[in-house]
Amino acid sequence: MEHQKSADYNKNKILKNVYLLMDAYKSGKLGGEKMPEHENPGLSKETKENYMYFTLPMALNYQRNSYVLWECANRMYKDYPGVFDCKAVSDMDEEELRNILVLYKVALQPNKQPVIWKTLCDTICGRFDGDIRNLFSETGYEVSAIKDYISKNKKAFPYLGGNKICNYWLYVMEQYTNVIFVDRNNITVAPDTHVIQASTRLGVITPEEAEKANVQQILAERWYEMLDGTEYVPIDVHTPMWLWSRGQFGVEI
């Protein structure tokens with residue numbers, strides 16, 4: 001494939017730097033002791049409530065400070081845990097839901113974002129008995145099957161069905177719940193601005209490719225090929241790259 005040729009050309013050099021980046025991350029040189037999602041109520045990993053806590057705010061995690069979003073979500077959960085219960089939200093007056101989401105600044109767009117929240121709750125309530133864990137069990141805990149189902153039903157999963165957020169959501173599920181996916185290698189890098197910048201700096205993509213409309217697809221293919229046969233899968237490099245770029249590449253690789 002054309003996308004993979006430039007990656008193959010410098011693969012050994014790039015992989016060497018990827019391993020240096022991973023070592024820097026593991027040794028704490030990149031920071032990251034507290035990621036945005038560390039702001040949570042500390043629910044038991046296996047519970048429905050915990051799965052829902054890390055699902056619903058994720059759909060509103062675009063064009064905003066992730067740390068602030070999760071701080072707001074945590075405060076809201078402590079006062080209004082019912083807003084994270086799909087069945088309760090489905091029965092809730094829309095104005096009441098909007099007021100709560102806006103009051104806690106979980107929703108910054110008062111008309112659009114409460115609708116996203118309620119649509120997701122209605123979907124999970126109507127199709128999975130109010131429990132997102134049922135989506136995972138019904139798809140055999142296969143990332144590819146989960147993403148395929150969501151992509152075919154995007155209107156039922158507003159924003160959560162987007163390529164970037166969906167992959168990052170599945171990564172967060174891995175980190176903060178007890179779910180174990182049978183094909184975690186199919187969680188691709190979540191190509192936000194930081195990941196694109198770090199991938200460019202590593203030479204995984206060119207500056208020209210970084211500006212292309214299909215950069216997300218290019219990155220997914222390139223990282224999959226790059227890490228094939230190594231101990232890592234694409235989503236493993238997400239957080240190190242995110243932190244490295246967020247720190248303005250202050251750590252030399």
Side-chain angles (χ1 to χ4, degrees), residues 21-22 24-25 28-43 45 49-81 83-84 100-110 112-117 119-121 132 147 150 157-177 179 187-201 210 215-216 219-220 223 234-251:
L21 180 66
M22 296 302 291
Y25 169 64
K29 292 179 181 177
L30 301 178
E33 293 83 3
K34 182 183 178 184
M35 293 297 287
E37 299 80 19
H38 285 191
E39 190 72 29
N40 65 76
L43 302 167
K45 279 192 168 187
E49 291 77 13
N50 189 53
Y51 276 72
M52 293 309 306
Y53 176 83
F54 288 108
T55 294
L56 293 172
M58 191 66 69
L60 306 188
N61 191 16
Y62 57 91
Q63 297 181 340
R64 65 188 302 178
N65 186 308
S66 297
Y67 284 94
V68 174
L69 167 65
W70 289 101
E71 288 169 3
C72 294
N74 195 18
R75 284 196 296 271
M76 185 172 72
Y77 187 90
K78 290 172 181 175
D79 292 342
Y80 290 96
V83 178
F84 292 81
I100 295 172
L101 291 174
V102 171
L103 174 65
Y104 285 85
K105 295 182 171 60
V106 172
L108 298 182
Q109 300 171 8
K112 183 179 182 180
Q113 291 182 328
V115 174
I116 292 171
W117 191 283
T119 299
L120 269 177
C121 285
I132 195 65
K147 292 202 292 187
I150 291 176
F157 296 91
Y159 280 86
L160 199 64
N163 183 49
K164 180 173 70 175
I165 291 181
C166 188
N167 279 287
Y168 190 66
W169 169 60
L170 293 173
Y171 167 69
V172 167
M173 287 288 105
E174 263 200 329
Q175 301 301 308
Y176 294 94
T177 77
V179 71
I187 307 178
T188 65
V189 290
D192 63 7
T193 301
H194 287 307
V195 169
I196 292 171
Q197 290 175 348
S199 297
T200 305
R201 192 163 180 113
V215 63
Q216 294 186 357
L219 269 180
W223 274 112
I235 198 60
D236 290 335
V237 302
H238 173 89
T239 296
M241 286 198 293
W242 192 86
L243 290 168
W244 191 37
S245 174
R246 191 171 182 268
Q248 298 182 320
F249 305 107
V251 175

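Residues satisfying the side-chain contact (heavy atoms from CB on, under 4.5 Å) test with P41, not counting sequence neighbours, are L43, Y53, N74, Y77. Listed by chain and residue number, Y159 satisfy the ring pair (Phe, Tyr, Trp, His ring centres under 6.0 Å) test with Y62 (two or more places apart in sequence, or in another chain). The salt bridge (charged side-chain N to carboxylate O under 4.0 Å, His left out) search around E49 returns none, not counting sequence neighbours. Residues that satisfy the ring pair (Phe, Tyr, Trp, His ring centres under 6.0 Å) test with Y51, not counting sequence neighbours, are absent from this structure. Shown here are the salt bridge (charged side-chain N to carboxylate O under 4.0 Å, His left out) partners of E39, two or more places apart in sequence or in another chain: K34. Partners of P158 by side-chain contact (heavy atoms from CB on, under 4.5 Å), not counting sequence neighbours, listed by chain and number: I116, T119, L120.
The aromatic rings of W70 and F54 sit tilted, their planes meeting at an angle between 30° and 60°. In this pair, W242 and H194 present their aromatic rings perpendicular. The plane angle is above 60°, beyond the 30 to 60° band. Note: Y80 and Y104 have perpendicular aromatic rings, judged against thresholds of 30 and 60 degrees for the angle between ring planes.
Atom CD1 of residue I132 and atom OG1 of residue T177 lie 11.0 Å apart, to the nearest 0.5 angstrom. If you take CD1 on I150 and CH2 on W169, they are separated by 4.5 Å, rounding to the nearest 0.5 Å. A distance of 9.5 Å separates CG in D79 from CD1 in I100, rounded to the nearest 0.5 Å. L219 contributes atom CG, which lies 12.0 Å from atom NZ of K164 (distance to the nearest 0.5 angstrom).
A donor-acceptor contact shorter than 3.5 Å links the side chain of W244 to the backbone of V251.
In this structure, V172 and M58 approach most closely via the heavy-atom pair CG2-CE, 3.7 Å.
Side chain to side chain, K147 and N163 fail the donor-acceptor criterion of an N or O pair below 3.5 Å.
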